[in-house]
Amino acid sequence: MIDRIFDPASFEQRWYAHWERNARFRPARPDAQPFTIVIPPPNVTGSLHIGHALDNTLQDILIRWHRLNGRDARWIVGTDHAGIATQMVVERRLAEAQQPGRTAMGRAAFEAKVWEWKAESGGTITGQLRRLGASCDWANERFTMDDGFNAAVIKVFVELYNQKLLYRDKRLVNWDPKLKTAISDLEVETREVAGTFTHIRYPLADGAVLDSGADHIIVATTRPETMLGDTAVAVHPEDARYASVIGKFVELPITGRRIPIIADEHADPELGSGAVKITPAHDFNDWAVYERNKAIGWINILDAEANICVADGVPAAYVGLTREAARKQVVADLEALDRIERIENKTIQMPYGDRSGVVIEPWLTDQWYVNAGELAKDALAAVHDGRTRFVPATWEKTYFNWMENIQPWCVSRQLWWGHRIPAWYAPDGRVFVAETQAEAQAQAGDVALTRDEDVLDTWFSSALWPFATLGWPAETPDVARHYPGDVLVTGFDIIFFWVARMMMQGLHFMDEVPFRTVYCHGLVRDAKGQKMSKSKGNTVDPLVLIDKYGADALRFTLTAMETQGRDIKLNESRIEGYRNFATKLWNAARFAQMNGIAGHPDIMPPAATQPVNRWIIGEVKQTARALEQAIADFRFDAYADAIYKLVWSRFCDWYLELIKPLLAEGADADVAAETRSTAGWALDQILVMLHPVMPFLTEELWHQLGTRDDLILAQWVATAALPEDAAASADIDWLIGLISEIRSARTEVNVPPSAKLPFAVEGASPETTARLAANAPAIERLARVTAGAAPEGGRLQLVHGEATFLIPIGDVIDLAAEKARLDKALAAAIKERDALAGRLGNPGFTEKAKPEAVEKAREDHEARSAEAERLAAALARLG
RNA sequence: GGACGCGUAGCUCAGUGGUAGAGCACUGUGUUGACAUCGCAGGGGUCGCAGGUUCAAUCCCUGCCGCGUCCACCA
């Protein structure tokens with residue numbers, strides 16, 4: 001028996017274990033069309049946050065829905081080694097445990113520590129995905145650093161190198177002085193901070209003067225300390241103010257170096273003095289100037305930790321100072337030399353590392369780069385020509401914008417945790433890239449080789465996720481069957497990091513896009529709309545919510561709130577509401593069971609004669625259609641909305657109430673049997689249709705209602721074959737309308753139980769009279785919720801459809817209120833009637849509007865006119 | 001500086017070229033054996049502002065105001 005209390009915790013984990021144990025998530029329909037999703041691999045040592053809950057709920061809905069629809073569904077799952085993030089966690093743990101740090105223990109020992117940590121915490125997030133109900137294909141779980149994946153990464157690196165799409169280069173990179181590694185442009189976030197803008201006078205050398213008579217050039221900078229590395233001052237070639245000094249020199253204060261004044265387009269005459277200091281080794285723009293004017297050279301003044309290092313012209317006293325200390329010292333020294341023109345306070349943009357949170361330094365190093373511009377060409381074309389589409393389509397613009405302006409991708413990282421770069425160096429600096437050291441050695445000949453110390457950007461490997469998970473580079477059946485995938489579901493925030501890179505690598509190595517559709521959802525924010533973050537302390541733990549409300553309620557909430565990729569403001573009261581929805585369905589199933597209703601053996605409904613049964617079959621059909629459309633459109637909110645309305649507003653509120661009299665003692669046995677069958681069928685279909693969103697509850701009830709195979713493997717309703725009965729729908733709509741009318745009068749009157757149907761009616765058609773008789777029990781039951789023993793009294797005037805009902809009532813509690821109600825209804829009817837009359841009197845409308853719209857307006861106008869008349873009459877009778 | 005999104009009931013959000021919707025909140029009411037995690041009824045909106053197109057605009061167009069996000073080399 002279904003328990004009185006709905007307690008999701010009592011069955012959720014049991015069902016998950018059952019599904020997994022019985023391989024329910026494995027693709028098992030070799031003859032069916034596959035449906036494939038690859039999971040965005042979570043960090044192996046991470047834990048589930050609310051964004052994961054959203055992302056994976058949506059994927060699970062798609063997977064389960066297509067599985068119910070006969071596809072051979074496969075959700076490819078695994079975890080990411082997450083280079084920087086994981087290395088940082090392990091280093092922090094070592095520090096907390098007061099153990100030797102990374103550098104102290106050495107590379108091999110440190111790597112062992114990370115593997116230890118992976119073993120210890122790696123199961124956390126996969127366990128949490130199971131709690132959520134994600135029906136992933138765990139039997140084939142992958143890791144971005146497992147053996148097969150490593151092989152794929154190495155192969156891709158070597159091939160790109162051989163194709164000259166990957167190369168080593170010395171240029172400025174974004175250097176993280178805390179993590180001491182290069183990072184990519186994307187890993188830098190610009191923040192606005194309070195800073196200063198220092199205007200410095202650089203004296204002209206050799207007695208030169210400007211036309212204005214000045215013996216100096218003013219340059220401005222937000223980072224005065226970089227002047228130690230200046231190698232030129234640039235002015236615009238057509239800037240008349242400086243024409244006479246181009247090619248001459250300034251004496252760089254503090255350093256004693258002479259640096260040239262050069263002409264370069266980079267200097268904007270409109271800005272400041274029109275002259276700009278050039279520090280090639282510490283500024284991206286200035287490096288570009290250097291590349292056009294190689295003669296100026298460059299001087300690096302910072303070490304890997306962004307402290308001042310020994311360099312040409314840098315006074316010994318500066319060496320070892322931090323950036324910040326050096327800034328103060330430079331300003332102080334310039335003050336002493338009277339070289340400061342002025343210092344403004346100014347809001348400036350500063351680059352920060354998204355992981356380390358420290359200021360990023362442009363720094364000159366040798367790194368490995370991928371020629372992203374070349375790979376982007378096909379990736380752009382593939383979206384332009386629709387081989388891959390974004391949903392919502394607005395993200396395509398974002399994708400195009402970035403891809404069209406893509407920069408070389410720095411893929412090397414000075415970390416220890418990750419895929420080590422397969423490059424070896426000879427003592428003379430020659431580089432050999434090969435899949436193994438032996439191959440490299442064969443290329444190099446008889447010299448000692450040392451392997452590149454660096455590892456690859458995490459995203460370099462995750463870019464291969466859609467095919468490396470399938471066994472590539474081997475030509476496995478999985479590759480043929482599951483590439484390309486159908487849908488990628490992810491947050492818009494990693495379109496550049498991940499989606500774009502998968503597109504590039506997928507097209508390059510597989511000659512085909514990695515997925516047909518990219519669905520981008522929004523961010524989950526707190527109830528106030530704030531971004532959730534640990535530092536703000538406004539995060540919500542999905543596991544806590546699951547414990548409190550059940551995984552199904554959380555899933556339903558996220559589904560209902562997912563509207564076309566808009567951000568979600570998560571409010572706990574909403575989860576509570578959907579938990580109540582689950583309770584409602586639970587109780588409806590319990591009612592069914594108590595009334596001898598069980599799951600229906602057939603996917604098709606029984607042949608029904610009763611209007612109410614025919615009606616609910618039609619309602620199920622309509623809902624199923626709406627759900628199919630919702631999936632086709634990726635409208636998760638529409639999916640939730642349609643099934644919610646069917647369950648609560650149709651099935652529970654009306655169907656179950658309307659069939660109660662049909663199941664009562666003494667009712668017609670055939671009718672009761674038909675009704676039990678239909679109710680059982682309808683409930684089955686509800687469970688099937690709701691299953692993708694609420695898998696646990698539906699599976700539990702499915703089994704409670706009968707001994708059957710698991711719901712997860714059931715078949716979606718055969719929408720096209722379901723009957724629909726317009727006459728039955730009209731009957732029930734009429735009945736619902738009538739009961740609602742009586743109910744809205746209920747607060748004013750009591751209908752005594754002695755009042756028997758049919759009520760007296762005026763103006764009723766034979767059809768209405770027949771409907772009234774047929775539905776008498778339901779009307780009596782539902783329209784008389786407040787009935788009590790009351791003396792016979794007057795009559796309630798009720799206008800419904802073409803008839804006026806005279807319902808015997810007991811004590812009239814408030815006749816004036818009843819009159820007010822009628823008055824209001826009359827006013828509304830008149831208002832609508834007049835509005836429709838106005839429209840129909842407008843030639844523009846009758847001539848130009850769609851014929852259906854005009855016809856409907858005519859019908860509505862007639863109905864409203866008649867209603868107004870009857871309401872007026874009823875009001876008059878009431879006195 | 002570019003690009004995009006949003007502004008509809010107290011809150012969170014759907015929606016449509018032709019009578020404005022949902023959930024929650026609120027008010028009133030109800031202990032009929034599925035469900036008080038519930039039932040029933042009710043109040044509440046000049047659809048940001050101003051123009052334009054149209055017979056008709058919350059919806060399409062333009063401008064403005066407000067909020068948010070992403071990208072970008074203002075030294």
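Chain identifiers are assigned alphabetically (A, B, ...) following the order of the sequence lines, protein sequences preceding nucleic acid strands; residue numbering begins at 1 within each chain.
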Which base sits across from [N] as a Watson-Crick or G-U pair, both distances under 3.5 Å?
N     : value
B/G5  : B/C67
B/C38 : B/G30
B/C24 : B/G10
B/G45 : none

Name the nucleic acid region contacted by [X], choosing base, sugar-phosphate or nothing; use a 4.0 angstrom heavy-atom cut-off, strictly under.
X        : value
A/Trp648 : sugar-phosphate
A/Arg566 : sugar-phosphate
A/Lys831 : nothing
A/Asn595 : nothing
A/Asp860 : base
A/Arg635 : sugar-phosphate
A/Thr394 : sugar-phosphate
A/Ala560 : nothing
A/Lys531 : nothing
A/Asn285 : base
A/Arg864 : nothing
A/Arg590 : sugar-phosphate
A/Ala835 : nothing

**Message:** Distance criterion of 3.5 Å, no angle test: do you see the side chain of A/Lys397 paired donor-to-acceptor with the base of B/C4?
**Reply:**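 Answer is no: no donor-acceptor pair is held.
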**Prompt:** Would you say the base of B/A34 and the side-chain of A/Glu657 have a donor-acceptor pair closer than 3.5 Å?
**Reply:**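 Looking at the base of B/A34, it does pair with a donor or acceptor on the side chain of A/Glu657 (distance under 3.5 Å).
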**Request:** Return yes if a side-chain donor-acceptor contact under 3.5 Å exists between A/Arg574 and A/Tyr578, otherwise no.
**Result:**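 Yes - a donor-acceptor pair under 3.5 Å links their side chains.
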**Message:** Less than 3.5 Å apart, any donor N or O on the side chain of A/Ser184 or A/Glu187 sitting next to an acceptor on the other?
**Reply:**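 There is such a pair (donor and acceptor under 3.5 Å, judged by atom type) between the side chains of A/Ser184 and A/Glu187.
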**Asked** Quantified in whole Å, what is the P atom distance between nucleotide B/C4 and nucleotide B/G63?
**Response**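 The same atom, P, in both gives a distance of 12 Å.
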**Request:** Could you work out the separation of B/C60 and B/G68 based on their P atoms and round it to a whole Å?
**Result:**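 After rounding to an integer number of Å, I get 24 Å for this pair.
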With a 4.0 Å cut-off on N to O distance, would you call [X] and [Y] a salt bridge?
X        : Y        : value
A/Glu291 : A/Arg171 : no
A/Glu265 : A/Arg292 : no
A/Glu859 : A/Lys856 : no

Side chain of [X] only, please: which of [options] is the nearest?
X        : options             : answer
A/Lys569 : B/C13, B/A34, B/A75 : B/C13
A/Val276 : B/G18, B/A75, B/G39 : B/A75
A/Thr583 : B/C55, B/A14, B/U37 : B/U37

